[in-house]
Amino acid sequence: MIEKPDDPSLEGQMLIAMPGMGDARFSRTLIYICAHSPEGAMGIIVNRRSKAMSFSQLLVQLDVISEKDAIQLPPKVGDVQVLRGGPVEKGRGFVLHSPDFHLEAATLPIDGGVSLTATIDILRAMASGAGPQKAVLALGYAGWASGQLEDEILNNGWLTCPADEDLLFDIDLASKYNRALRKLGVEPAM
């Protein structure tokens with residue numbers, strides 16, 4: 001997203017938790033901002049794996065596929081990561097994905113390279129191999145009330161940087177935080 005001077009929205013940007021982040025839920029997190037307006041903001045943590053279950057286990061639990069079919073998932077589908085998206089609505093799934101997949105009235109285009117879909121229909125499409133080329137599934141999200149995120153940024157809680165496909169979809173979650181800092185010219189060891 002190209003930010004316009006009269007558009008202070010952070011949609012399509014990444015939040016990088018400052019090293020001194022006091023809230024343990026967000027320590028060393030990298031958050032993709034899906035929505036940001038005067039009413040508040042919503043984002044997905046993209047560098048924390050859910051230890052609760054794998055994508056194939058989730059598909060079985062939701063009756064999208066049978067246990068037998070879980071063994072036969074295409075490799076691309078089996079590799080989809082399940083992330084801990086944030087502390088709000090942890091039982092609800094959100095799929096951040098490439099824009100090559102769209103469900104009418106269900107998919108929210110965020111910027112030119114990323115969309116968000118939060119219905120079971122995208123999981124069915126992914127299980128059948130008809131889903132987006134790139135995707136991550138997050139359980140839960142991070143949310144901010146009106147003005148709250150702006151206050152946290154002003155109080156040095158977050159840095160921002162442009163999002164890119166590697167920071168969103170790369171399976172190497174452990175290095176994402178440091179890579180985001182390096183995008184800003186910050187050496188994490190310092």
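All residue numbers in this chain count up from 1 along the given sequence. Note that the coordinates shown come from a computational prediction; the quantities given were computed from them, not determined experimentally.
- In this structure, R28 contributes its side chain and N47 its backbone to no donor-acceptor pair below 3.5 Å.
- Here the side chains of L184 and I16 are in contact, with some heavy-atom distance below 4.5 Å.
- Looking at every heavy atom in both residues, R49 comes nearest to Q81 through NH1-OE1, 2.8 Å.
- R92 has its side chain out of reach of L139: every pair of non-hydrogen atoms, C-beta onward, lies at least 4.5 Å apart.
- Inter-residue side-chain proximity for M126 and V95 is flagged as met; some heavy-atom pair is nearer than 4.5 Å.
- With values rounded to the nearest 0.5 angstrom, D63 atom CG is found 12.0 Å from L123 atom CG.
- Nearest approach of V80 to A135, heavy atoms of both residues: CG1-O, 4.1 Å.
- Of all heavy-atom pairs spanning G86 and I45, the tightest one is CA-CD1, 3.9 Å.
- Expressed to the nearest 0.5 Å, how far CD1 of I31 lies from OG1 of T160 amounts to 12.5 Å.
- Taking K183 as the reference, D164 meet the side-chain hydrogen bond (donor to acceptor under 3.5 Å, both in side chains) condition, with sequence neighbours excluded.
- Note: R179 CZ to D172 CG = 5.5 Å, rounded to the nearest 0.5 Å.
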| request: Given side chain to side chain contact (heavy atoms under 4.5 Å, CB included), test C34 with L96 step by step and report yes or no. | output: CA-CA 9 Å; C34 301; L96 283 174; 3.9 Å; yes

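- Between W158 and E152, the closest heavy-atom pair is NE1-OE1, 2.8 Å.
- Side chain of S27 to main chain of A24: no donor-acceptor pair is present (N/O by atom type, distance under 3.5 Å, no hydrogens or angles).
- Within 6.0 Å of atom CD1 in I171, 12 or fewer heavy atoms from other residues, nucleotides or ligands are found, so the atom counts as exposed in its surroundings.
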| What do the steps show when you test F169 against V46 for side chain to side chain contact (heavy atoms under 4.5 Å, CB included), and what is the final call? | CA-CA 8 Å; F169 302 118; V46 296; over 6 Å; no

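- Between T107 atom OG1 and L116 atom CG the span is 8.0 Å, to the nearest 0.5 Å.
- Residues H97 and I122 meet the side-chain proximity criterion, which asks for heavy atoms closer than 4.5 Å.
- Counting heavy atoms from C-beta on, the side chains of L108 and S115 never come closer than 4.5 Å.
- Although no hydrogens or angles enter the test, the distance criterion places a donor-acceptor pair under 3.5 Å between the side chain of Q148 and the main chain of A145.
- In this structure, the separation between CE on M42 and CH2 on W144 is 9.5 Å, given to the nearest 0.5 Å.
- For N178 and S175, the side-chain atoms include no donor-acceptor pair closer than 3.5 Å.
- E67 and V60 get closest at one heavy-atom pair: CG-CG1, 3.5 Å.
- Contact record, H36 with A41: CD2-CB, 3.6 Å, taken as the closest heavy-atom pair.
- In this structure the side chain of L168 reaches within 4.5 angstrom of the side chain of Y32, judged on heavy atoms.
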| request: Decide yes or no on side chain to side chain contact (heavy atoms under 4.5 Å, CB included) for V186 and R182, but give the supporting numbers first. | output: CA-CA 5 Å; V186 175; R182 286 187 185 107; over 6 Å; no

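- Remark: L30 CG to K176 NZ distance equals 7.0 Å, nearest 0.5 Å.
- Residues L137 and S50 form no side-chain contact, since every pair of their non-hydrogen atoms from C-beta on lies 4.5 Å or further apart.
- Looking at residues two or more places apart in sequence or on another chain, you find no ring pair (Phe, Tyr, Trp, His ring centres under 6.0 Å) involving Y177.
- Residues L15 and L159 have side chains not in contact (no heavy-atom distance under 4.5 Å, counting atoms from C-beta outward).
- With hydrogens and angles ignored, the 3.5 Å screen pairs a side-chain donor or acceptor of S37 with a backbone N or O of E39.
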